[in-house]
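Scope of the values below: all heavy atoms of this structure, side chains included, with no hydrogens, waters or symmetry mates. In what follows, chains are A, B, ... by sequence order, proteins preceding strands, each numbered from 1.
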Protein chains: 2
Amino acid sequence: MRSSEVAARAGVHPQTLRYYERRGLVSEPPRTATGYRVYPAAAVSRVRFVKRAQELGFTLDEVRDLLHLADGGPDDCDSARALARSRLRALEARIADLHRMRESLVELVETCERPRRDRRCPLLDALQTGRKEA
Amino acid sequence: MRSSEVAARAGVHPQTLRYYERRGLVSEPPRTATGYRVYPAAAVSRVRFVKRAQELGFTLDEVRDLLHLADGGPDDCDSARALARSRLRALEARIADLHRMRESLVELVETCERPRRDRRCPLLDALQTGRKEA
DNA sequence: CTTGACTCCGTAGCCGGGTACAGGGTTGAG
DNA sequence: CTCAACCCTGTACCCGGCTACGGAGTCAAG
């Protein structure tokens, strides 16, 4: 398969394929006599793996590690699981962060919603004074 | 106040102050005869406002808009509120995203946790085949 | 044989939010 | 007077993940 076909099937641009090659996510495919890359069919699933893992919040470096683990045996399975767990923890921490941000923002907007006599914007004031943990 | 003092009080680096100046977040302060910036005390709260708003997920461009609104009257208060609400919506959408990512990741790790006879890693397989919405 | 689509390579640019560095001038204490 | 610590400017670099560009070679159809 040529690069544009692999790219189209995996839903990426052909340049992205070369980029993944440089990053060690996709191994260098054999070439034609004139230097064109010729990919095995498995390259498509490999790239899809990358995109899927990215959707789950893995960085490209982590995906590369996962892929290299996938080439190994059962010991590597444990490593993969550990990586997934740590990703999960990071994700949960991030969610908790955003929840806190949301809480503060909701409060801020509510403050602002209350009728006020004076013409100062309570939202801007609240932000300015840093009502919490600031 | 000199730049390093403002920076220290607001918890940023002096360069960051210059950066904010370039970005229009902090107005150009007057200078001494030899060209040193001399900040009014209000500059510290201005920078703290920026950091506080950033914690709530506003981009620097949005913060700049908020600050310019803060200089205005009651009409601008409505705009500020609208900006905060739209930020809130974006935040909630992002949280929902992360929740979906978390769900998938939890499932993945659980799959992996189940005892298996064969030595393939179910996590890696699952990622590869893209069990959902892929 | 020409034309247009594909491919190659290297390099540079984008986003956001800074951080670092080079090469100078200034200030204030000892 | 000297020295460190500050300040000035402009520019380049960092992260991650692409995306675009320029200039050249190749392939297949007409």
Side-chain angles (χ1 to χ4, degrees), chain A residues 1-26 28-40 43 46-67 83 87 90-91 94 97-98 101, chain B residues 1-26 28-40 43 46-67 83 87 90-91 94 97-98 101:
Chain A
M1 243 184 289
R2 302 226 214 140
S3 41
S4 63
E5 194 181 347
V6 173
R9 290 196 192 207
V12 300
H13 294 290
Q15 299 105 307
T16 306
L17 235 39
R18 292 207 304 124
Y19 176 67
Y20 286 175
E21 195 178 311
R22 281 208 300 284
R23 291 287 300 259
L25 292 158
V26 172
E28 292 189 38
R31 308 284 190 120
T32 64
T34 51
Y36 285 24
R37 287 171 182 81
V38 181
Y39 291 93
R46 189 129 176 147
V47 175
R48 284 193 184 141
F49 180 104
V50 174
K51 300 314 278 182
R52 169 89 183 131
Q54 269 189 305
E55 280 170 16
L56 295 179
F58 290 90
T59 66
L60 286 191
D61 281 348
E62 286 169 337
V63 180
R64 191 201 47 214
D65 292 349
L66 280 175
L67 282 164
L83 197 46
R87 193 86 287 284
L91 194 48
R94 182 66 183 144
D97 272 356
L98 293 193
M101 282 164 55
Chain B
M1 245 185 289
R2 304 233 205 134
S3 42
S4 64
E5 193 181 348
V6 173
R9 290 195 193 209
V12 301
H13 294 290
Q15 296 105 309
T16 306
L17 233 41
R18 292 209 302 124
Y19 176 68
Y20 285 176
E21 194 178 312
R22 279 209 299 284
R23 291 288 299 259
L25 292 157
V26 172
E28 292 189 38
R31 307 286 189 120
T32 65
T34 52
Y36 285 24
R37 287 171 182 82
V38 180
Y39 290 94
R46 190 127 174 146
V47 176
R48 284 195 183 138
F49 179 105
V50 174
K51 301 313 279 181
R52 169 89 182 132
Q54 268 189 307
E55 281 170 14
L56 294 180
F58 290 90
T59 67
L60 286 191
D61 280 349
E62 286 169 338
V63 180
R64 190 200 47 215
D65 292 348
L66 280 175
L67 282 164
L83 197 45
R87 194 86 288 284
L91 194 47
R94 181 67 184 144
D97 272 355
L98 293 193
M101 282 164 54

Hey, can you pull the donor-acceptor pairs under 3.5 Å for the side chains in residues 32-40 of chain A, sequence neighbours left out?
| from | atom 1 | to | atom 2 | distance (Å) |
| --- | --- | --- | --- | --- |
| A:Thr32 | OG1 | A:Thr34 | N | 3.3 |
| A:Thr32 | OG1 | A:Thr34 | OG1 | 3.1 |
| A:Thr32 | OG1 | A:Gly35 | N | 3.4 |
| A:Thr32 | OG1 | A:Tyr36 | N | 3.0 |
| A:Arg37 | NE | A:Glu21 | OE1 | 2.9 |

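Scored by the salt bridge (Lys or Arg N to Asp or Glu O under 4.0 Å) test, A:Arg23 finds A:Asp61 as partners (sequence neighbours excluded). Among residues two or more places apart in sequence or in another chain, the side chain to side chain donor-acceptor pair (under 3.5 Å) test is passed with B:Asp97 by B:Arg100.
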Exercise. Heavy atoms under 4.0 Å is the rule here; annotate nucleotides 14-26 of chain C 5' to 3' with B where the base is hit, S where only the sugar-phosphate is, and - elsewhere.
Key: ---BBSB----BB

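Rounded to the nearest 0.5 Å, atoms CG (A:Leu25) and OH (A:Tyr19) are 8.5 Å apart. Distance check: A:Tyr20 OH to A:Leu67 CG gives 10.5 Å after rounding to the nearest 0.5 Å. In this structure, NE2 in A:His13 is found 13.0 Å from OG in A:Ser4, a value given to the nearest 0.5 Å. Atom CZ of A:Arg22 and atom CG of A:Leu17 lie 11.5 Å apart (nearest 0.5 Å).
Residue A:Arg2 places none of its side-chain N or O atoms closer than 4.0 Å to OP1 or OP2 of C:dC6.
Comparing the helix axis at one end of the helix from C:dC1-D:dG30 to C:dG30-D:dC1 with that at the other, each defined from 5 consecutive pairs, gives an inter-axis angle of 30° (nearest 10°).
When DNA chain D is scanned 5' to 3' for any atom under 4.0 Å from a heavy atom of chain B, the first and last hits are D:dC6 to D:dG10.
Contact detail for A:Pro14 and A:Ala7: the closest heavy-atom pair is N-CB, 3.6 Å. The heavy-atom pair separating A:Val47 from A:Ala10 by the smallest distance is CG1-CB, 3.5 Å.
We find that B:Lys51 and B:Glu55 are not joined by a salt bridge, their nearest charged nitrogen and carboxylate oxygen being 4.0 Å or further apart.
Nucleic acid contact class of B:Thr32 (heavy atoms, under 4.0 Å, all strands): none.
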